[in-house]
2 protein chains.
Amino acid sequence: MRIGELAAQAGVSRDTVRFYERIGLLEGRRQANGYRDFPPETVTWLHYVRTAQTLGFTLAEIAQHGAQLRDAPDGAEALSALLRDKIRIIDERMAELASLRADLDARVGTGCPLRG
Amino acid sequence: MRIGELAAQAGVSRDTVRFYERIGLLEGRRQANGYRDFPPETVTWLHYVRTAQTLGFTLAEIAQHGAQLRDAPDGAEALSALLRDKIRIIDERMAELASLRADLDARVGTGCPLRG
DNA sequence: GTAGACAGTGGAGTACTGTCCAAGGTCAAG
DNA sequence: CTTGACCTTGGACAGTACTCCACTGTCTAC
């Protein structure tokens, strides 16, 4: 898959793909003519990148996830472990939001919410 | 309250306070000697700023919240409205996280989660 | 009246995450 | 064999949110 198709399928720009390759978030194989060539699962990897970004990881951290995956003896289990870790973070984030929500809820309608 | 005390109570650096004043996130009253002088509720405002940042607002947007508050005929009601809006956003964010969690949950333990 | 903590300014620098551009190479179709 | 879509590179630029620095002024306590 060339860069244009990957970009379209993953919903990012070509420049973003090149940028991601530069910072090590994407592996760079090449065709004989110099064009980048990506395997289909790169699309899924980019979706994972967006997910992790949503959870507040920096691209550098996400690149490390990728490196861990490549080094793991069992790739599938390693990724499952990463995902379980993301789920834990989601649960934490939801708990934070719930407490923030309760806090805001308590302030709404009080005489002066800013001072509460 | 001078800048040092505000910074300590709000958990930000003095430079951050000065930066926030520069971009209009904070009002700048001055003592006779030129020192900044903040009312106590600025601490609460800074906490609000952190909350809004957590929810993904940029500082420019948050500064607009502040401007809206100042312009509102009923300050307390205006802030309550802002808070209700934040609660709505929190609810949306939690729904997103829940669906993300379900998605990840489904992938964990499958043969190859990345390709799913 | 001096030391030390605190305050002021302007401006430079940083990290992160892209985004754009110019100049040029590749390839399929007509 | 030219056109147009697609690809390459390097490097400049942008927006966000700080962070640091040098130099200077103010105030309190000894």
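By convention in this document, chain letters (A, B, ...) are assigned in the order of the sequence lines, proteins followed by strands, and residues within each chain are numbered from 1.
Counting non-hydrogen atoms under 4.0 angstrom, B:R18 reaches a base of the nucleic acid. At the heavy-atom level, B:Q53 lies under 4.0 Å from the strands shown only through sugar-phosphate atoms. Across all strands shown, A:N33 has heavy atoms under 4.0 Å from sugar-phosphate atoms exclusively, and none from any base. At a threshold of 4.0 angstrom between heavy atoms, the contacts of A:I3 are confined to the sugar-phosphate backbone, with no base atom among them.
In this structure, B:F19 places its CZ atom 15 Å from P of C:dT9, rounding to the nearest Å. Computed from coordinates, the A:Q31 CD to C:dG25 P distance equals 18 Å when rounded to whole Å. Between the CD atom of A:E21 and the C1' atom of C:dT19 there is a distance of 17 Å, rounded to whole Å. Protein atom CG of A:L46 is 15 Å distant from nucleotide atom C1' of C:dT17, rounded to whole Å. Atom CG in A:D15 sits about 12 Å away from atom C1' in D:dT8, given to the nearest Å.
Listed pair B:R36 / C:dT9 meets the phosphate criterion, a side-chain N or O lying under 4.0 Å from OP1 or OP2. Note on B:T16: a side-chain N or O is less than 4.0 Å away from OP1 or OP2 of D:dT19. The phosphate of D:dT9 has OP1 or OP2 within less than 4.0 Å of a side-chain N or O from A:R30. Distances shown here put every side-chain N or O of B:Y35 at or beyond 4.0 Å from the OP1 or OP2 atom of D:dC27.
In terms of the ring pair (Phe, Tyr, Trp, His ring centres under 6.0 Å) criterion, residue partners of A:F57 (sequence neighbours excluded) are, by chain and number, A:H65. Legend: residues meeting salt bridge (charged side-chain N to carboxylate O under 4.0 Å, His left out) with A:R18, ordered by chain and number and at least two apart, are A:D15.
Follow the hydrophobic side-chain contacts under 4.5 Å out from B:V43 and you reach B:L59 in the same cluster.
Nearest-nucleotide assignment on DNA chain D puts the 5′-proximal partner with A:D37, out of A:D37 and B:Y20.
Proximity of B:L26 to B:L46: side-chain heavy atoms (C-beta onward) are separated by under 4.5 Å at one or more points.
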